[in-house]
Amino acid sequence: MFSSSILLQILACAIYSNWWPMLSALMYVVVPMPCMFFGGGSTQFLISRDGGGWIDAAKFLTGASTVGSLAIPIILRHAGMIETGAMLIEFTSFFIFICTVMCFHRASLDDDW
């Protein structure tokens with residue numbers, strides 16, 4: 001699923017001969033960083049109510065980078081730098097990426113795997 005998300009990212013750029021949509025691919029690298037640095041590589045902290053300085057910072061950074069992943073194509077489209085089709089392909093890629101993250105989160109919650 002992750003590979004198809006990246007493929008859609010590349011297609012959004014290649015079909016319209018415009019590589020500006022790859023800015024949102026940078027956010028795909030930024031989204032898991034708070035989990036790796038502050039959560040110990042686990043996604044458990046995202047659903048817990050436990051707080052603390054670093055845990056709250058990780059939740060904020062995860063949310064901000066997720067919103068940034070959606071905002072970048074919208075801003076680029078509003079500025080006229082990308083076509084509407086590229087923006088829609090970016091949204092499809094983001095949806096597949098989020099589904100991948102949710103599947104990973106679900107699998108990491110199950111100890112039977």
Cluster companions of Val30 among Ile, Leu, Val, Met, Phe, Trp, Tyr (side-chain spacing under 4.5 Å) = none
Contacts of type side-chain contact (heavy atoms from CB on, under 4.5 Å), residue Met81, not counting sequence neighbours | Trp20, Leu76, Ala79
State plainly whether one hydrophobic cluster holds both Phe95 and Tyr28, where clusters connect Ile, Leu, Val, Met, Phe, Trp and Tyr through side-chain heavy atoms under 4.5 angstrom apart.
-> no
Sequence neighbours excluded, which residues qualify as ring-ring contact (aromatic ring centres under 6.0 Å, His included) partners of Phe2?
-> Phe97
Mind checking who shares a hydrophobic cluster with Val67, ILVMFWY linked at side-chain heavy-atom distances under 4.5 Å?
-> none
Under the side-chain hydrogen bond (donor to acceptor under 3.5 Å, both in side chains) rule, what pairs show up with a residue in residues 94-104, not counting sequence neighbours?
-> none
Does any non-hydrogen side-chain atom of Asn18 lie less than 4.5 Å from one of Glu83?
-> no
Point-to-point distance, once rounded to the nearest 0.5 Å, from CD1 of Ile98 to SG of Cys103 | 11.5 Å
Can you list the residues that meet the side-chain hydrogen bond (donor to acceptor under 3.5 Å, both in side chains) rule with Thr66, with sequence neighbours excluded?
-> none
Please name the pair of heavy atoms, one in Pro21 and one in Ala86, separated by the smallest distance, quoted to 0.1 Å.
-> CG-CB, 4.4 Å
Donor-acceptor contact present, side-chain Arg77 to main-chain Met87, <3.5 Å = no
Are Ile82 and Leu26 in one and the same hydrophobic cluster, where Ile, Leu, Val, Met, Phe, Trp and Tyr link if side-chain heavy atoms are under 4.5 Å apart?
-> yes
Ile72 vs Met27, side chain to side chain contact (heavy atoms under 4.5 Å, CB included): CA-CA, chis, key distance, verdict = CA-CA 9 Å; Ile72 289 173; Met27 296 305 288; 3.6 Å; yes
Sequence-distant partners of Leu70, side-chain contact (heavy atoms from CB on, under 4.5 Å), two or more places apart = Phe91, Phe94
Excluding sequence neighbours, so at least two apart, what forms side-chain hydrogen bond (donor to acceptor under 3.5 Å, both in side chains) with Ser17?
-> none
Do Ile75 and Leu23 share a hydrophobic cluster (ILVMFWY, side-chain heavy atoms under 4.5 Å, transitive)?
-> no
Hydrophobic cluster of Ile96, others only, ordered by chain and residue number, side-chain cut-off 4.5 Å = Met1, Leu7, Leu8, Leu11, Ile15, Tyr16, Ile89
Partners of Ser24 by side-chain hydrogen bond (donor to acceptor under 3.5 Å, both in side chains), sequence neighbours excluded?
-> Gln9, Glu90
